[in-house]
Amino acid sequence: MERPTAIATDASALLYLLQTATSFFPTGAFAHSYGFETLSQDGTIVDAATLQRQALLWLRHGMASADGAVCAMAWAATRDGRDADLEALDDTLNALRITRETREASLSTGRAFIRAGVDAFAEPGLRRYESAVAAGVCLGHYATAFGVAGHDAGVPQLDTIAALLHSGLTSLIGVAARIIPLGQIAVQKIVAEARVEVLECARRALTIELDDLGTSTALLDVASMAHERIYTRLCIS
């Protein structure tokens with residue numbers, strides 16, 4: 001397997017990512033399956049192989065082409081002092097979340113990230129974004145907040161996107177693995193084998209403009225809609 005290309009995260013930025021891009025940071029991501037709980041109940045996901053397949057499809061066609069690109073543009077907008085652009089990023093990402101549960105998951109984790117990030121780091125970009133969310137100008141989606149905060153912390157743009165995608169993927173796999181269930185080694189193998197894909201998706205996200213944002217996750221969209229009505233639910237989404 002091709003080894004992933006190294007990315008240029010310095011020590012301080014690395015420590016920031018180790019703190020914020022993990023389940024240790026209080027966003028509530030551990031409670032969201034984004035429709036994967038439905039897929040586990042209907043027999044679409046039954047083992048490590050089927051989980052890996054669906055998770056990588058979600059990463060490529062849902063996460064990278066929408067959240068990853070929004071994160072990249074939010075990072076650049078913060079760098080350039082274009083805070084007004086964050087409103088359009090949030091609005092577009094909100095429109096792409098066509099199911100209620102996935103939209104609310106993105107907003108709840110984003111606002112939790114903002115609260116924790118402002119309290120922990122007090123960086124100016126994230127504080128301004130928090131004020132815009134409080135004023136109702138911006139919505140507070142997780143990908144937007146993560147991009148703003150990444151620039152605040154001095155994390156390079158590509159590293160910020162890769163961290164967002166890796167964090168989303170590992171969180172999702174962790175949630176799904178508890179539902180199936182899977183052992184810890186099987187989970188770690190899926191994450192390890194996804195490293196090259198995460199970096200490729202991060203690089204692709206850098207090339208996407210606002211008008212080209214999109215997702216192609218029909219199966220998961222249907223699963224997310226059905227999730228509200230399944231008999232037993234362990235996850236919020």
Can you check whether A105's main-chain N or O pairs, donor with acceptor, with T109's side chain at less than 3.5 Å?
-> yes

Min side-chain heavy-atom separation F36-L51 under 4.5 Å | yes

Calculate, to the nearest 0.5 Å, the distance between atoms CG and CG belonging to L89 and N94 respectively.
-> 12.0 Å

Rounded to the nearest 0.5 Å, how far apart are CZ of R103 and CD of E101?
-> 10.5 Å

Spatial distance of atom CZ (R127) from atom CG (D152) [nearest 0.5 Å] | 10.5 Å

Do the side chain of S167 and the main chain of L164 share a donor and acceptor less than 3.5 angstrom apart?
-> no

Using a strict 4.0 Å threshold on nitrogen-to-oxygen distance, state whether D67 and R97 make a salt bridge.
-> yes

Could you walk me through whether L206 and Q157 pass the side-chain contact (heavy atoms from CB on, under 4.5 Å) test, one step at a time?
-> CA-CA 9 Å; L206 275 173; Q157 187 181 31; 3.3 Å; yes

With a 4.5 Å heavy-atom cut-off, do L169 and V191 have their side chains touching?
-> no

Transitive ILVMFWY side-chain link L165 to I208, under 4.5 Å | no

Verify the cluster assignment for Y16 and L158: are they in a single hydrophobic cluster under the rule of side-chain heavy atoms below 4.5 Å apart?
-> yes

Does I98 share a hydrophobic cluster with L220, counting links as ILVMFWY side-chain heavy atoms below 4.5 Å and allowing steps through other members?
-> no

Which atom of L86 lies closest to which atom of A77, heavy atoms considered = CD2-CB, 4.1 Å

Verify, without hydrogens or angle tests, whether S106 (side chain) and H141 (backbone) share a donor-acceptor contact under 3.5 angstrom.
-> no

Within one Ile-Leu-Val-Met-Phe-Trp-Tyr cluster: V118 and F146, side-chain cutoff 4.5 Å = no

Can a donor-acceptor pair be found between the side chains of T50 and D47 at a distance below 3.5 Å?
-> yes

Find out whether V222 and L219 are in side-chain contact, i.e. whether some heavy atom of one side chain is under 4.5 Å from a heavy atom of the other.
-> no

Working to the nearest 0.5 Å, report the span between CD1 of I190 and CG of L56.
-> 8.5 Å

Side chain R111, main chain L139, donor-acceptor under 3.5 Å | yes

Mutual orientation of the aromatic rings belonging to Y142 and F113 [parallel < 30°, tilted 30-60°, perpendicular > 60°] = perpendicular

Sub-4.5 Å side-chain heavy-atom contact between L126 and F121 | no

Identify the two heavy atoms, one from A205 and one from A64, that lie closest to each other, and give their separation to 0.1 Å.
-> CB-O, 3.6 Å

To the nearest 0.5 Å, what is the distance between OG1 (T102) and CE (M225)?
-> 8.5 Å

Per side chain to side chain contact (heavy atoms under 4.5 Å, CB included), Y129 is matched among I114, T78, D83 by I114

Atom pair SG (C201) and NE2 (H61), whose distance is rounded to the nearest 0.5 Å = 8.5 Å

Between T44 and D42, is any side-chain donor less than 3.5 angstrom from a side-chain acceptor?
-> yes

Nearest heavy-atom approach of G214 to S65 is O-OG, 2.6 Å

Minimum heavy-atom distance between P26 and A112, given as atom pair plus value | O-CB, 3.6 Å

Step through the shown structure and confirm whether more than 12 heavy atoms of other residues, nucleotides or ligands are within 6.0 Å of CG on D212.
-> yes

Taking atom CZ of R53 as the centre, report whether more than 12 heavy atoms of other residues, nucleotides or ligands fall under 6.0 Å from it.
-> no

Closest non-hydrogen atom pair between G147 and T160, with its separation | CA-CG2, 4.2 Å

Any chance CZ of R60 has more than 12 other-residue heavy atoms, nucleotides or ligands included, within less than 6.0 Å?
-> yes

Hey, does R203 have a side-chain heavy atom less than 4.5 Å from the side chain of L199?
-> yes

Kindly indicate whether the side chain of L59, heavy atoms from C-beta on, has any atom under 4.5 Å from the side chain of V198.
-> yes

V70, W58: one ILVMFWY side-chain cluster at the under-4.5 Å cut-off?
-> no

Min side-chain heavy-atom separation L213-L93 under 4.5 Å | no

For residues M63 and G168, report the shortest heavy-atom separation together with the two atoms involved.
-> CE-CA, 4.1 Å

Side chain W75, main chain I161, donor-acceptor under 3.5 Å = no

